[in-house]
Amino acid sequence: MPHTALYTCSLCEAMCGIEVQVDGDRITSIQGDPDDPFSRGHICPKAVALADLQHDPDRLRHPIKRTPGGWEPVGWDEALDDIAARIHRLQQEHGPDSVASYLGNPNVHNLGSMLFIPELLRTIRSRNRFSATSLDQLPHMLAAYLMFGHELLMPVPDLDRSDLVVILGGNPIVSGGSIMTAGGVRRRLDAVRRRGQVVVIDPRRTETARRADAHHFIRPGTDVWLLLGLLRCSLEVGPPLLGHLAEHVDGLELVSAIAGRVELAEVARRTGLEPSVIQQLAIALRDTERAVLYGRLGACAQRHGGVAGWLLNVVNAVTGNLDQHGGLMVTLPAFDPLSPWGRRPKVRERFGRWHSRVRSLPELAGELPVSVLPEEIETPGPGQIQGLLVWAGNPVLTSSGGGRLDALLGQLRLCVAVDLYLNETARHAHYVLPAVPPLSRDHYDVAFNLLAVRDTARFAPAVLPADGQTRHDWQIALDLTDRLLQARGGGLRQRARLAVLRRLGPTRLLAAGLRAGPRGLRRGAAGISLRRLRAQPHGLDLGPLQPRLLARSPRERLQLAPEIFVAETERILADRGPSPEGLLLIGRRTLRSANSWLHNSPRMVKGPPRCTLLVHPQDAQAHGLVSAGRARVRSRVGEIEVVVRVSDEIMPGVVSLPHGWGHGREGVGWQIASAQPGASVNDLTDPQAIDPLSGNAVLNGVPVTLSPVDPPVEARAEDPPASEPAGGHG
Ligand SMILES: Nc1nc2c(c(=O)[nH]1)N[C@H]1C(S)=C(S)[C@@H](COP(=O)(O)OP(=O)(O)OC[C@H]3O[C@@H](n4cnc5c(=O)[nH]c(N)nc54)[C@H](O)[C@@H]3O)O[C@H]1N2
Ligand SMILES: Nc1nc2c(c(=O)[nH]1)N[C@H]1C(S)=C(S)[C@@H](COP(=O)(O)OP(=O)(O)OC[C@H]3O[C@@H](n4cnc5c(=O)[nH]c(N)nc54)[C@H](O)[C@@H]3O)O[C@H]1N2
Ligand code: SF4
Ligand SMILES: [Mo]
């Protein structure tokens, strides 16, 4: 019988409620759920990819093993036993750190992975733990940890009540919003514009910029200067507006001292922004009762990302927009990752407890920056990585210097991938273990409810049973943990605990977490329980954000000026050297793409190629490039060839290329639709280029040079005029 099931899309952070039409084991359509109080019917073109994933013949449905004759199917028991035995052997011979793990982005969208993979990692006991976090939001986490006492206490814009939203290095219209979960972000931004203004500061006139009231270009990698300028201008016109936080904050004098040293002319020189623009923005952020400065990937995955992540909080604080309605606020989610089982979090030492072996970069929250992965595989000596577990990730295409990783993974003594596909990274594995795709698992967003612009809760049971021999990520994690304990001999108590966890599964564990959570039944009869969420399948609205930073912070006093940020800012201010010259490369997201995947869905990648290099007309002319022609792009670490698109939506001196492409490598088990392999921008990004504080990769502002692949030709008649807004992308 055809029927409609309610579900939540997990392909980006927006948490859109969807209606899935099911006929037998086929998905016949996917639409927005108009009754979801949070997303209110919004979806983007990616939602239908959930169906493509489900039915994709390329998706792995049984474990496979590398043999001299190629990939062969293998039974789960044989695969798991061998993997566990080999992990154990490597660790016995070379120590616990010889086996590393890399967790990719989709784990954060996966209830079972969030709840059960930590158990496996604890059991592996390696300090070489990596994830997509250090290609992404690590600077925001470092700031949250040092200022507010917990790396997950990242404030988000109170978008629906803000009258001025300034967006620095984010493109929510395409990305769906990040560290700003907001299903239907376009509608919400349009509403801000009706009440007030949206201002975008970005080296590209993005889809978001085109819908904003104002857009200003900024030279890549210089956001830290803009933020210093805003700080200076704000404190020049009046006292800091800390409001109720004033009595609870340390470090204001240090922040004021820094502001006093900032020269606006220098800020203008570095950023390319007019001093008057910076002054006006600072005044508007102060004078608008409800305003917020929101910064995201472009502002933090860059060379001063750590200081930028800190200053974003500081500028909001001094302009009266931290922990205030309409400003940057924290959530109170029904399931609270800060204290999943109801215990109030304590300030714990979570930073720099150990360092990477070769470059000595600090750990944060148990993880090292993934930029060190290539050198940790390559450099011999005690602690060298010999085994790698890649879980729902594709670092060959997504981590900086991925090309080098591509060349190194083959020398590992053990490589295991857990994925939906045999991707560019998994092709180097000895085993690939097939996980269950989204629609076949119960879903509740433990990560993104923490980062949403409104508190909500929605539970969605699986729509279809798991197919083939696929297993849930959480089952695979428990299976491996158990086998590893067996291989080591002993661990009886932990094995008994695993048996209990297995019986509970993620859904009942979630139920326990909801009950114990800050809004749970334990706190009163009206509290939230899984049963209540099941009874309200469209989701529950738990109300707008409230000023809760002090109550949520494990710290007695908030720290406005942690030492390492101040010291690094001193260095930045003292640096009188020239700004990087020449062309700088930045990233770009497109609507029908999720990092390195979904590129095999014809519905996703139909139309013109997406992996194009955007070049300003002046730069195109200077380098002999034309639209649809090919360019060779070189950086310190690599070179690639890409198709060019000339457009003045990008600022002069900057070129932009999306990441996650560069398919078509030998041995990959999924077909790229529309012959669009593209090239990998991460063959150009440099693993040595990191934010010195957090170790986050520098993915934006990469120095490159360009040359035409073919001899220069006159622009052909059919080339679009250079200034025409690009059609078709995104
Ligand atoms: N140059 C540049 N590089 C970037 C970025 C950039 O802006 N510029 N962005 C960075 C960011 S923000 C991120 S988050 C990273 C992402 O980088 P990664 O997390 O390394 O890569 P993804 O492409 O998200 O890899 C997803 C893989 O997980 C698999 N998968 C999907 N769902 C599941 C599941 O439920 N279970 C399992 N086991 N597997 C699953 C998919 O098949 C796919 O192979 O890329 C980063 N890289
Ligand atoms: N369709 C789609 N949606 C996605 C993803 C996807 O791959 N595809 N990925 C998801 C993931 S993993 C994440 S983390 C989020 C990210 O979500 P966002 O943070 O919104 O990321 P981007 O869309 O990459 O936007 C970054 C912006 O920063 C700009 N930028 C680059 N360098 C600089 C700089 O130096 N300064 C400033 N001010 N701006 C700069 C870029 O031009 C770009 O517009 O998106 C998520 N949503
Ligand atoms: S915006 Fe994000 S959550 Fe919403 S439908 Fe698109 S991919 Fe899914
Ligand atoms: Mo990300």
Side-chain angles (χ1 to χ4, degrees), residues 8-16 18 32 39 42-47 49-50 53 59 102-110 113 131-133 135-137 167-172 174-180 183-185 200-204 206-209 218-223 226 295-302 390-395 397-400 402 417-421 423-426 433-438 441 473 476 584 586-598 650 654 656-660 670 680-682 684-685 697 699-702 730:
T8 308
C9 178
S10 57
L11 293 177
C12 85
E13 301 178 27
M15 300 197 304
C16 296
I18 53 174
S39 60
H42 174 269
I43 52 165
C44 80
K46 261 196 294 177
L50 288 171
L53 268 180
R59 182 163 58 77
Y102 172 83
L103 302 189
N105 167 277
N107 290 303
V108 193
H109 298 267
N110 182 323
S113 298
S131 82
T133 286
L135 303 167
D136 191 344
Q137 80 286 0
I167 302 178
L168 199 58
N171 187 13
V174 168
S175 71
S178 182
I179 316 196
M180 179 172 76
V185 71
V200 173
I201 300 169
D202 196 299
R204 181 168 80 90
T206 60
E207 297 72 4
T208 308
I218 182 170
R219 184 98 177 128
T222 63
D223 296 70
L226 169 62
R296 197 53 271 274
L297 199 66
C300 86
Q302 55 154 282
V390 179
W391 207 298
N394 196 0
L397 296 189
T398 59
S399 69
S400 51
V418 184
D419 209 285
L420 308 180
Y421 293 96
N423 69 18
E424 287 74 9
T425 304
L433 306 178
V436 165
R441 51 187 199 233
D473 290 277
I476 304 169
L584 296 178
I586 63 169
R588 181 164 97 244
R589 280 175 162 70
T590 57
L591 202 52
R592 289 181 179 80
S593 165
N595 298 316
S596 74
W597 57 304
L598 304 186
I650 192 92
V654 181
S656 158
L657 191 67
H659 70 286
W670 50 297
S680 178
V681 69
N682 286 316
L684 300 173
T685 54
L699 304 173
N700 295 292
V702 178

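Heads up: numbering here begins at 1 and tracks the sequence. Order of listing sets the numbers, starting from 1, for every ligand and every atom in it. The model shown is predicted, which means the values in this text are computed figures rather than measured ones. Hydrogens, waters and symmetry mates play no part in the numbers below; they use all other heavy atoms, side chains included.
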Quiz item: Is R296 salt-bridged to D136, cutoff N-O under 4.0 Å?
Solution: yes

Quiz item: Hey, looking at atom 1 (N) of ligand 2, which of L699, T590, I650, N700 has the closest heavy atom?
Solution: T590

Quiz item: Taking only heavy atoms of A47, which atoms of ligand 3 are found under 4.0 Å from at least one of them?
Solution: 5 (S)

Quiz item: What is the minimum heavy-atom distance between N700 and G298, and which atoms define it?
Solution: ND2-CA, 3.8 Å

Quiz item: Which residue owns the protein heavy atom closest to atom 19 (O) of ligand 2, what's the atom, and how far is it?
Solution: R296 CG, 2.8 Å

Quiz prompt | Atom indices of ligand 3, in the order listed, that fall short of 4.0 Å to a heavy atom of M15 | solution = 3 (S)

Quiz item: What is the nearest protein non-hydrogen atom to atom 34 (C) of ligand 2, stated with its residue, atom name and distance?
Solution: G298 O, 3.2 Å

Quiz item: So between R441, H109, H659, E424, whose heavy atom ends up nearest atom 35 (O) of ligand 1?
Solution: R441

Practice problem: Taking only heavy atoms of L297 into account, list the atoms of ligand 1 that are under 4.0 Å away from them. | Solution: 7 (O)

Quiz item: Which of the numbered atoms in ligand 2 are below 4.0 angstrom from a heavy atom of L591?
Solution: 1 (N)

Quiz item: What protein heavy atom sits nearest atom 23 (O) of ligand 1, and how far away is it?
Solution: S596 OG, 2.6 Å

Quiz item: Can you check whether C12's main-chain N or O pairs, donor with acceptor, with K46's side chain at less than 3.5 Å?
Solution: no

Exercise. Measure the distance from atom 25 (O) of ligand 2 to every protein heavy atom, then report the residue, atom name and distance (to 0.1 Å) of the closest one.
Key: N171 N, 3.5 Å

Self-check item: Closest approach of any protein heavy atom to atom 39 (N) of ligand 1, naming residue and atom
Solution: A392 CB, 3.2 Å

Practice problem: Pull out every atom of ligand 2 sitting under 4.0 Å from any heavy atom of D223, numbered as shown with elements. | Solution: 34 (C), 35 (O), 36 (N), 37 (C), 38 (N)

Exercise. Only heavy atoms count here, so choose which of L684, D419, N682 is nearest to atom 41 (C) of ligand 1.
Key: D419

Practice problem: Counting heavy atoms only, name the option from S680, A132, P395 that's nearest to atom 15 (C) of ligand 1. | Solution: A132

Exercise. Kindly indicate whether the side chain of Y102, heavy atoms from C-beta on, has any atom under 4.5 Å from the side chain of T425.
Key: no

Quiz prompt | Derivation of the side chain to side chain donor-acceptor pair (under 3.5 Å) call for D473 and W391 | solution = CA-CA 9 Å; D473 290 277; W391 207 298; 2.8 Å; yes

Quiz item: L591 versus E207: any side-chain heavy-atom pair under 4.5 Å?
Solution: no

Quiz item: Which ligand 2 atoms are under 4.0 Å away from a heavy-atom of T206?
Solution: 44 (O)

Practice problem: Compare every heavy atom of I650 with every heavy atom of S656, then report the nearest pair and how far apart it is. | Solution: CB-CD1, 3.6 Å

Quiz prompt | atom 36 (N) of ligand 1: nearest protein contact (heavy atom, Å) | solution = D473 OD2, 3.1 Å

Self-check item: For atom 4 (C) of ligand 2, closest protein heavy-atom neighbour
Solution: S175 O, 3.6 Å

Self-check item: Protein contact of atom 5 (S) of ligand 3 - nearest heavy atom, named by residue and atom, plus distance
Solution: C44 N, 3.4 Å

Quiz prompt | Identity and separation of the nearest protein heavy atom to atom 32 (N) of ligand 1 | solution = P106 CB, 3.4 Å

Self-check item: Numbered atoms of ligand 1 (with element) below 4.0 Å of G104, judged on heavy atoms
Solution: 19 (O)

Quiz item: A435 heavy atoms, cut-off 4.0 Å: which ligand 1 atoms fall inside?
Solution: 36 (N), 37 (C), 38 (N)

Quiz item: Among all protein non-hydrogen atoms, which one is nearest to atom 43 (C) of ligand 2, and what is the separation to 0.1 Å?
Solution: D202 OD2, 3.4 Å

Quiz item: Which residue supplies the protein heavy atom nearest to atom 2 (C) of ligand 2, what is that atom called, and how far is it?
Solution: S593 O, 3.2 Å

Quiz item: Should G701 be listed as contacting ligand 2, given a heavy-atom distance under 4.0 Å as the test?
Solution: no

Quiz item: Looking only at heavy atoms of L11, does any of them come nearer than 4.0 Å to an atom of ligand 2?
Solution: no

Self-check item: Per-atom contacts, ligand 2 versus Q302 - under 4.0 Å to a heavy atom
Solution: 34 (C), 35 (O), 36 (N)

Quiz item: Is there a heavy atom of K46 sitting under 4.0 angstrom from any atom of ligand 2?
Solution: yes

Quiz item: For ligand 1, which atoms have a heavy atom of D136 less than 4.0 angstrom away?
Solution: 12 (S), 14 (S)

Exercise. Please say whether G221 places an N or O atom under 3.5 Å from an N or O atom belonging to ligand 2.
Key: yes

Quiz item: Can you name the closest pair of heavy atoms from L50 and I18 and give their distance?
Solution: CD1-CD1, 3.6 Å

Quiz prompt | Enumerated ligand 2 atoms positioned under 4.0 Å from heavy atoms of I201 | solution = 38 (N)

Quiz prompt | Atoms of ligand 3 close to K46 [distance to a heavy atom under 4.0 angstrom, numbered from 1] | solution = 7 (S)

Quiz item: Under 4.5 Å between any side-chain heavy atoms of N595 and N394, yes or no?
Solution: no

Quiz item: When you look for heavy atoms under 4.0 Å from ligand 3, do you find them on the side chain of E13, its backbone, both, or neither?
Solution: neither

Quiz prompt | atom 2 (Fe) of ligand 3 to nearest N/O/S of C9 below 2.8 Å | solution = no

Quiz prompt | Selected option - heavy-atom contact closest to atom 47 (N) of ligand 1, from N110, L103, T398, V108 | solution = T398

Exercise. Provide the number and element of each atom of ligand 1 under 4.0 Å from a heavy atom of V681.
Key: 1 (N)

Quiz item: For V418 and ligand 1, does the shortest N/O to N/O distance drop below 3.5 Å?
Solution: yes

Quiz item: Does G176 reach ligand 2, in the sense of a heavy atom lying below 4.0 Å from it?
Solution: no

Quiz item: Near Y102, which atoms of ligand 1 are under 4.0 Å from a heavy atom of that residue?
Solution: 17 (O), 18 (P), 19 (O), 20 (O)

Quiz item: Considering only protein heavy atoms, which is closest to atom 4 (Fe) of ligand 3, and at what distance to one decimal place?
Solution: C16 SG, 2.3 Å

Exercise. Provide, to 0.1 Å, the distance between atom 40 (C) of ligand 2 and the closest protein heavy atom, together with that atom's residue and name.
Key: P203 CD, 3.3 Å

Quiz item: Among protein heavy atoms, which sits nearest to atom 10 (C) of ligand 2, and what does the distance come to when rounded to 0.1 Å?
Solution: R589 NE, 3.7 Å

Practice problem: Have a look at G169, A594, A301, C12 and point out the one with the heavy atom closest to atom 28 (O) of ligand 2. | Solution: G169

Quiz item: So between L135, N595, T133, whose heavy atom ends up nearest atom 16 (C) of ligand 1?
Solution: N595

Quiz item: Considering only heavy atoms from C-beta outward, does the side chain of V654 approach that of I586 to under 4.5 Å?
Solution: yes

Practice problem: Would you mind running through ligand 1 and noting each atom that sits below 4.0 Å from a heavy atom of N423? | Solution: 44 (O)

Quiz item: Does T685, backbone or side chain, put an N or O under 3.5 Å from an N or O of ligand 1?
Solution: no

Self-check item: Check: S593 side chain, T590 main-chain N or O, donor-acceptor pair, under 3.5 Å
Solution: no

Practice problem: For S178, take its heavy atoms, then give the atoms of ligand 2 lying under 4.0 Å from any of them. | Solution: 14 (S), 15 (C), 16 (C), 17 (O)

Quiz item: Any nitrogen or oxygen of Y421, main chain or side chain, under 3.5 Å from a nitrogen or oxygen of ligand 1?
Solution: no

Quiz item: Side-chain contact, heavy-atom cut-off 4.5 Å: L53 with Y421?
Solution: yes

Practice problem: Return yes when at least one N/O/S atom of C12 is nearer than 2.8 Å to atom 6 (Fe) of ligand 3, and no when none is. | Solution: no

Practice problem: Check whether any side-chain heavy atom of T685 lies under 4.5 Å from a side-chain heavy atom of H659, and answer yes or no. | Solution: no

